[in-house]
Amino acid sequence: MTTTAKCASIAFGLSTLLTAGAIAIFDHRPANALEKPELRIAAIIAVTGPASALGAPERNAVDLFDKTWSNREDLPFRIKVISYDDGSDPTKSVSLARKAIEEDKAHVVVCCTTTPSSMAIIDTVNAAKITMISMASSATIVEPASARPFTFKTPTSDKLMLQRTLDYMKRQGIKKIGFFGLEDAYGEGGLKELQNVGRRQMI
């Protein structure tokens, strides 16, 4: 996925929160009918650290969303975007997710840039029943859906990418492949999907 496409998908994913946000905060409207309720979106991004090359365009997409929607007066609620940098560290991602939920009272958490960080906060958002939108690609972030009821993601999954790649290799008569991956949740998820897809498509 290109940087432009990724930014577009993140911005689109955030935009779809507007309708959901109205529902999420409907029962928490202030007593003063003239005061609009606030939809709080916490974005936890790897602005620094090893994944910063991915985090930079993600931050730009979130900034664009904030600039576009925060000053809108025609919405039934006000939008507040709270941004954090997790430094590409899954442990820090969990701490920031808890801070966003417990202190900022976020209705939605956009996190995280990487698969390891996204996987790390799943239990936190599940326990709080808070919607999470991940910007990472591994299918394991959202599967099985029964165990990830509050988790969604914007990029194309590694499963879909591998299906297309292996289908092309099969048409070319390639029968032997090697796998090089990171020793983390992203690498492990990629290997698992390669094995699953490979059994079906390379036979």
Side-chain angles (χ1 to χ4, degrees), residues 1-49 51-52 54-88 92-114 117-118 120-137 141-142 148-156:
M1 179 177 288
T2 64
T3 298
T4 301
K6 187 167 188 180
C7 286
S9 69
I10 294 168
F12 176 77
L14 283 168
S15 296
T16 60
L17 292 174
L18 297 181
T19 300
I23 297 172
I25 63 178
F26 184 79
D27 293 329
H28 302 282
R29 289 174 297 180
N32 183 357
L34 297 177
E35 183 182 348
K36 292 182 180 180
E38 189 174 69
L39 171 61
R40 292 179 292 278
I41 303 171
I44 303 172
I45 305 168
V47 180
T48 59
S52 60
L54 297 172
E58 291 171 354
R59 178 186 57 188
N60 292 340
V62 171
D63 288 347
L64 176 61
F65 174 87
D66 190 14
K67 183 183 297 184
T68 302
W69 292 98
S70 292
N71 294 320
R72 291 279 295 269
E73 297 182 356
D74 58 331
L75 300 173
F77 48 81
R78 294 173 293 112
I79 295 175
K80 181 178 181 180
V81 178
I82 307 153
S83 296
Y84 292 110
D85 172 20
D86 65 10
S88 308
K92 190 173 181 180
S93 301
V94 174
S95 297
L96 290 173
R98 288 174 179 163
K99 174 180 172 62
I101 294 169
E102 297 171 6
E103 298 181 22
D104 300 322
K105 307 299 181 184
H107 298 101
V108 179
V109 174
V110 179
C111 177
C112 300
T113 298
T114 67
S117 289
S118 298
I121 74 163
I122 286 177
D123 288 343
T124 300
V125 297
N126 276 353
K129 297 183 178 180
I130 293 292
T131 298
M132 161 193 171
I133 298 181
S134 172
M135 297 171 286
S137 64
I141 296 168
V142 294
R148 314 275 197 269
F150 301 98
T151 303
F152 306 87
K153 69 186 189 69
T154 58
T156 300

Exercise. Are the side chains of Ile130 and Phe150 in touch, meaning some heavy atoms are under 4.5 Å apart?
Worked result: no
Exercise. Is a donor on one side and an acceptor on the other found under 3.5 Å between the side chain of Asp85 and the backbone of Val47?
Worked result: yes
Exercise. Backbone N or O of Ile79 within a donor-acceptor pair of the Lys36 side chain at under 3.5 Å?
Worked result: no
Seminar exercise, completed: Tightest non-hydrogen contact, residues Arg148 and Ile122, listed as NE-CD1, 3.3 Å
For this session: List for me each residue that meets side chain to side chain contact (heavy atoms under 4.5 Å, CB included) alongside Ser134, sequence neighbours excluded, and say none if there are none.
Result: Ser118, Met132, Ala136, Ile141, Lys153
Seminar exercise, completed: In terms of heavy-atom contacts, Ile121 and Ala97 come closest through CG2-CB, 4.0 Å
Exercise. Which atoms form the tightest heavy-atom contact between Ala42 and Ala100, and what is the distance?
Worked result: CB-CB, 3.5 Å
Exercise. Hey, what do you get for OG1 (Thr68) to CG (Asp63), rounding to the nearest 0.5 Å?
Worked result: 10.5 Å
Seminar exercise, completed: Heavy atoms of Thr113 and Glu58 approach each other most closely as OG1-OE1, 2.5 Å
For this session: Side-chain contact test, heavy atoms from C-beta onward, threshold under 4.5 Å: evaluate it for Arg78 versus Glu35 and give yes or no.
Result: yes
Exercise. Leu54 and Met135: side-chain contact (heavy atoms from CB on, under 4.5 Å), yes or no, with the steps?
Worked result: CA-CA 9 Å; Leu54 297 172; Met135 297 171 286; over 6 Å; no
Problem set entry | Spacing of Lys67 atom NZ and Asn60 atom CG [to the nearest 0.5 Å] | 9.5 Å
For this session: Say whether, by atom type as modelled, one donor and one acceptor occur between the side chain of Ser93 and the main chain of Ser117 under 3.5 angstrom.
Result: no
Seminar exercise, completed: salt bridge (charged side-chain N to carboxylate O under 4.0 Å, His left out) filter on Lys99, not counting sequence neighbours, yields Glu103
Exercise. Do Val110 and Phe65 have side chains that get closer than 4.5 Å, going by heavy atoms?
Worked result: no
Exercise. For the atom pair CG (Leu39) and CH2 (Trp69), what is the distance rounded to the nearest 0.5 Å?
Worked result: 11.5 Å
For this session: Spell out, as yes or no, whether a donor-acceptor pair under 3.5 Å connects the side chain of Ser88 to the backbone of Ala51.
Result: yes
Seminar exercise, completed: Rounding to 0.5 Å, atoms OG (Ser70) and CG (Leu75) come to a distance of 9.5 Å
For this session: Look up atom CG in Asp66 and atom CG in Asn71, then write down how far apart they are to the nearest 0.5 Å.
Result: 8.0 Å
For this session: Would you confirm whether Arg40, through its side chain, and Asp104, through its main-chain N or O, come within 3.5 Å as a donor-acceptor pair?
Result: yes
